[in-house]
Amino acid sequence: MGKPKPEKNKTKDVKPTKTSVKKEDKDMSYLPSKYMFLFVGILAALTAVILTNDDLKLYLVKLTPMGSQPLETIMNTANSESSSQTGPGSEPVVSPEPIDPTPSQATKKSNNDEKESDDKKMKKKDYKKSSITNKADFKLRKQLDEADDLLQQRNVDGAIRLYDDVLRENSKSPRALFGKGMSLDILAEQKRSNQLLGEAISSMDAALRAPNVPAELLRIISEKLAERQTFRGWNHKAAQTWKYMSDKYPDNVDYKRKLTVSYLTMGDNVMAREILKNILDKNPKDGFSLVHLGFILKTVDLNYEEGSRLLQEGIDTQEHGTVDGRFYYHLGDAYMRINRTDMSSKVYKKGAELGLFLSEHQRSLYNAETKLTGRPWWTPEQTPYGRYLAMLEKNWETIRDEGLSLLDQKTGGFLPEEENLREKGDWKQFTLYQRGKKNDVNCRRTPKTCALLDQVPDATSCTRGQIKFSVMHPGVHVWPHTGPTNCRLRAHLGLRIPEGPRIRVADKTKTWKEGKFIIIDDSFEHEVWHDGTESRLILIVDFWHPDIPLQERRTLSPI
Ligand code: LMR
Ligand code: MN
């Protein structure tokens with residue numbers, strides 16, 4: 001029996017390879033037409049290559065994006081505390097004398113002198129950017145501040161020129177290298193250029209690794225650098241960034257956590273585990289590490305006992321980052337699988353109470369912005385898709401015959417469910433459309449069915465669903481589970497329905513009828529059994545949930 005996995009996309013159990021890294025490098029960021037949304041999809045696909053488990057994949061997708069702060073702002077507010085010293089005892093603010101717009105040479109000179117001597121006198125600690133300025137940079141602070149100002153004004157070319165001037169004097173100036181990197185990053189964005197993005201990353205990386213970088217600047221650089229590396233798809237480089245920081249600050253748990261996330265994003269759960277264990281050795285109550293290690297044990301090792309123990313302990317800390325639907329989902333699932341159903345429903349209730357789930361029974365995690373009608377079972381009349389459903393029902397025998405002919409062929413094409421949803425038994429699927437795209441290869445083998453489906457745009461365009469034949473052999477039990485999203489309604493057309501199979505969605509259990517649709521919302525908990533003696537065949541057709549506005553359908557990232 002294969003591992004689980006029908007509802008989303010295929011995942012193969014492969015070790016990280018050079019090829020996967022290469023693909024990763026190639027597919028990211030500013031490549032034409034592969035912009036932000038694909039970031040999520042590609043990240044998912046790549047992670048999938050390594051992790052075998054869709055849930056982990058989805059976990060990562062959600063976890064990875066880091067808030068991207070406008071960097072120029074960070075630079076200019078780095079030392080905001082000392083720059084806003086206007087407390088008691090500070091000089092009263094006096095209006096300056098009006099300045100002669102055309103000062104004589106002499107005045108100018110004397111002004112300058114005054115300023116210069118002021119500057120010389122200035123102690124480093126009084127400098128508003130002292131926390132990001134090392135000794136050498138302090139000497140070059142005028143140029144650096146000017147460059148930072150230009151950057152803040154988005155005069156990127158001007159800023160780069162000034163940073164380059166500084167770099168000619170000190171090629172290892174951390175502030176100039178970083179400022180230049182940020183300027184290049186803005187240019188990269190304006191020009192949608194990966195080349196420039198690469199240069200931006202190199203410059204920031206050089207800043208990070210320069211000698212004598214103040215701690216505060218290191219912190220700022222590492223955040224921005226890792227975020228840009230991740231955006232570029234260079235997850236291994238992001239990991240190197242956090243590794244560098246972790247080695248430099250061995251007591252800083254935050255860097256270790258970030259390194260863990262990078263490893264997980266790369267699919268390297270071996271390294272992730274090692275760091276998590278390392279954190280837990282020192283602090284066995286670290287919530288972040290408990291939930292993450294528990295999550296890995298549960299989803300990768302399928303160790304439900306130990307996984308649930310750690311997940312529960314982690315969640316109980318209520319630490320930032322532990323209150324997350326993925327941890328609650330998998331904790332409840334782990335409990336269910338070891339027969340602790342009372343604990344399972346307690347966790348689901350709590351998750352719903354915390355707003356992590358739509359309800360105790362509707363536990364999809366990738367939901368529409370719009371509030372949708374949530375109903376486990378639908379009738380055709382409750383949807384706007386009646387005529388499509390009727391058309392497919394009318395042609396059910398044609399569809400059935402094509403499905404059965406596939407089953408006859410030894411070459412198959414049906415793939416085992418690989419999401420670890422089954423307790424036991426043999427359940428396979430043959431996909432015709434997924435993520436709003438036709439599978440041309442498979443459709444060539446069932447041309448009539450695909451021609452019929454081509455007339456059903458609300459299903460074929462559903463980027464958060466699939467259309468597939470599903471064959472379930474006798475002896476199957478599918479654990480209670482929920483689909484990943486509430487954005488679709490799942491219509492099942494009965495094609496070959498012997499005695500024996502049944503499906504529970506929320507609190508109602510039904511079976512299929514040949515030539516008839518049942519319609520479920522698979523974001524509600526459902527469970528399937530087949531206690532009969534012959535195989536069951538259905539066509540699963542995902543439609544957009546009718547309440548989702550067209551505009552939102554277009555912008556939802558595919559699942
Ligand atoms: C499910 O969506 O989990 C199942 O109902 C699919 C199937 O083939 O019965
Ligand atoms: Mn399901």
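When a ligand or atom number is given, it counts from 1 through the structure's own listing order. Source: prediction; values computed, not measured. Numbers here are sequence positions counted from 1.
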*What part of Val478, side chain, backbone, both or neither, has a heavy atom within less than 4.0 angstrom of ligand 1?*
neither
*With side chains defined as the heavy atoms from C-beta onward, is the minimum distance between Tyr304 and His330 less than 4.5 Å?*
no
*Which of the numbered atoms in ligand 1 are below 4.0 angstrom from a heavy atom of Val528?*
4 (C), 5 (O)
*Any sub-3.5 Å donor-acceptor pair from Glu552's side-chain atoms to Glu369's backbone N or O?*
yes
_Looking only at distances, can you tell me whether any N or O atom of Trp427, backbone or side chain, sits closer than 3.5 Å to an N or O atom of ligand 1?_
yes
*So which bit of Arg536 gets within less than 4.0 Å of ligand 1, heavy atoms only: side chain, backbone, both or neither?*
side chain
*Looking at side-chain heavy atoms only, is the closest gap between Tyr388 and Pro457 below 4.5 Å?*
yes
*Could you pull out all residues at least two apart from Thr509 that satisfy side-chain hydrogen bond (donor to acceptor under 3.5 Å, both in side chains)?*
none
*ligand 1 N/O within reach of His526 N/O, cut-off under 3.5 Å*: yes
*Output every pair passing ring pair (Phe, Tyr, Trp, His ring centres under 6.0 Å) with a member in residues 538-559, not counting sequence neighbours, ordered by first then second residue.*
Trp378-His545, Tyr385-Phe543
*Would you mind running through ligand 1 and noting each atom that sits below 4.0 Å from a heavy atom of His481?*
3 (O)
*Report the part of Ile538 in contact with ligand 1, treating N, CA, C, O as backbone and CB onward as side chain, heavy atoms under 4.0 Å; options are side chain, backbone, both, neither.*
side chain
